[in-house]
Amino acid sequence: MNDDQLLRYSRHILLPEIGVEGQEAILGARALIVGAGGLGSPAAMYLAAAGVGTLVLADDDTVDLTNLQRQILHSAEGVGRLKVESGRDTLHRLNPLARVETRALRLQGEALEAEVAAADVVLDCSDNFATRHAINRACARHARPLISGAAIRFDGQISVFDLRQREAPCYHCLFPEGEDVEEVRCAVMGVFAPLTGIVGATQAAEALKLLSGCGTTLDGRLLLLDSLGMNWRSVSFGRDPACPVCAERARAQT
């Protein structure tokens with residue numbers, strides 16, 4: 001680290017759980033953030049501020065006036081722009097040292113596989129089950145840690161799936177694909193603005209812990225938040241031995 005970096009990240013370096021070694025690991029890391037909306041906004045901003053070496057921001061949407069109530073990565077001047085471009089400019093203003101790569105597309109197929117394989121950590125900040133399951137499958141194939149978040153109305157949830165570990169459960173173990181799950185969207189159900197900030201910031205915290213090797217993550221735990229009553233609940237879960245996504249990976253690592 002140069003003098004500017006030592007000063008900028010000094011409050012991390014002062015933490016014995018992170019220190020110089022942990023901050024250098026953060027600086028050398030590559031994080032993939034899928035979704036530059038309500039969850040991706042605070043997640044990307046905290047990761048950029050903390051010095052994550054390369055941030056890859058993926059989203060095919062444009063900024064809409066209705067986004068501005070909660071998507072703090074964007075401003076009124078950005079309405080109509082691609083979210084990844086608006087987000088990149090915000091992150092550069094926040095930390096000029098940040099390297100931000102943009103992917104103005106809905107990641108899927110080979111493009112998704114390549115981005116996940118290149119990342120050290122993946123943050124799922126998307127808003128639909130099809131994308132979440134596609135990201136989970138790619139993370140399982142490439143043994144990449146996945147941090148998943150969701151927020152709707154006043155309810156939020158966060159979990160970590162550290163798919164580098166043989167016995168770690170995956171997203172499919174917790175929310176099996178193909179089950180009759182109601183798809184709910186902010187556009188029709190609404191969402192409490194600060195809730196997305198709380199969940200997205202927690203995703204960033206989990207990513208930084210994974211990258212620096214400090215603390216205990218939410219791997220194997222689902223953290224649930226009722227922001228209307230401000231109640232947190234933690235639910236433990238394990239790997240499904242018959243899971244079609246991660247069972248083969250676990251057997252191969254035996």
Side-chain angles (χ1 to χ4, degrees), residues 17 31 33-35 37-47 50 69-72 121-133 135-136 139-140 144-165 167-243 245-246 250:
E17 294 85 355
I33 303 173
V34 183
L39 302 178
S41 289
M45 292 174 76
Y46 271 112
L47 293 184
Q69 163 253 15
R70 66 200 177 281
Q71 299 184 16
I72 59 175
V121 66
V122 178
L123 285 79
D124 179 4
C125 300
S126 65
D127 64 353
N128 65 88
F129 285 111
T131 299
R132 290 170 188 159
H133 280 289
I135 295 170
N136 178 64
C139 286
R144 295 296 185 267
L146 169 63
I147 304 166
S148 177
I152 194 71
R153 297 184 290 259
F154 291 93
D155 300 317
Q157 64 183 41
I158 314 102
S159 191
V160 170
F161 307 93
D162 192 352
L163 296 164
R164 299 171 299 180
Q165 310 301 322
E167 289 302 319
C170 75
Y171 185 84
H172 189 283
C173 295
L174 183 60
F175 299 110
E177 190 172 12
E179 285 196 348
D180 187 18
V181 179
E182 182 185 3
E183 192 85 76
V184 290
R185 300 292 182 89
C186 297
V188 293
M189 301 302 293
V191 62
F192 187 44
L195 174 66
T196 60
I198 296 168
V199 174
T202 305
Q203 288 182 268
E206 292 298 294
L208 292 171
K209 284 156 59 180
L210 283 164
L211 294 174
S212 64
C214 76
T216 301
T217 72
L218 284 170
D219 188 31
R221 288 185 292 148
L222 177 65
L223 194 61
L224 300 166
L225 170 62
D226 165 19
S227 65
L228 194 58
M230 200 46 69
N231 294 309
W232 290 90
R233 186 161 59 98
S234 179
V235 179
S236 298
F237 62 95
R239 186 176 67 81
D240 178 2
C243 176
V245 175
C246 66

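- Taken from CE in Met230 to CZ in Phe154, the straight-line distance is 10.0 Å, to the nearest 0.5 Å.
- Closest of all the heavy-atom pairs between Gln71 and Gly38 is CG-N, 3.3 Å.
- Although no hydrogens or angles enter the test, the distance criterion places no donor-acceptor pair under 3.5 Å between the side chain of Thr196 and the main chain of Leu39.
- No side-chain donor-acceptor contact under 3.5 Å links His172 to the backbone of His133.
- Side-chain atoms of Gln203 come within 3.5 Å of backbone atoms of Ile147 as a donor-acceptor pair (strictly under, hydrogens ignored).
- Between Phe175 and Phe129, the angle of the ring planes lies from 30° to 60°, which puts this pair in the tilted group.
- Considering CZ of Phe192 and CD1 of Ile152, their distance stands at 14.0 Å, rounded to 0.5 Å.
- Under a 3.5 Å cut-off, the side chain of Asp162 and the backbone N or O of Asp219 do not form any donor-acceptor pair.
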(request) Check the pair Glu206 / Leu223 against side chain to side chain contact (heavy atoms under 4.5 Å, CB included), numbers first and verdict last. (result) CA-CA 12 Å; Glu206 292 298 294; Leu223 194 61; over 6 Å; no
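- Here the closest heavy-atom approach between residue Pro42 and residue Gly200 is recorded as CG-CA, 3.8 Å.
- Residues Leu174 and Gln157 are not in side-chain contact: their nearest non-hydrogen atoms beyond the backbone lie 4.5 Å or more apart.
- Separation of atoms CG (Leu195) and CG (Asp226) is listed at 9.5 Å; rounding is to 0.5 Å.
- Between Ala207 and Leu47, the shortest heavy-atom contact is CB-CD2, 4.1 Å.
- Rounded to the nearest 0.5 angstrom, Cys243 SG and Glu177 CD are separated by 10.0 Å.
- Residues Cys246 and Cys173 have side chains in contact (heavy-atom distance under 4.5 Å, counting atoms from C-beta outward).
- Listed here is the closest heavy atom pair of Ser159 and Arg221: OG-O, 2.7 Å.
- Ring geometry for Tyr171 versus Phe161: interplanar angle over 60°, hence perpendicular rather than tilted (30 to 60°).
- The two residues Ala43 and Cys125 make their nearest non-hydrogen contact at CB-SG, 4.4 Å.
- Atom CD1 of Ile33 sits about 12.5 Å away from atom OG of Ser126, to the nearest 0.5 Å.
- Counting only residues at least two apart or in different chains, ring-ring contact (aromatic ring centres under 6.0 Å, His included) contacts with residues 204-224 are absent.
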(request) Given side chain to side chain contact (heavy atoms under 4.5 Å, CB included), test Asn136 with Leu163 step by step and report yes or no. (result) CA-CA 9 Å; Asn136 178 64; Leu163 296 164; 4.2 Å; yes
(message) Evaluate Leu225 against Thr202 for side chain to side chain contact (heavy atoms under 4.5 Å, CB included), listing each step before the verdict.
(response) CA-CA 11 Å; Leu225 170 62; Thr202 305; over 6 Å; no
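- If you take OG on Ser41 and OH on Tyr46, they are separated by 12.5 Å, rounding to the nearest 0.5 Å.
- The two atoms that bring Leu123 and Ala204 nearest to each other are CD2-N, 4.3 Å, heavy atoms only.
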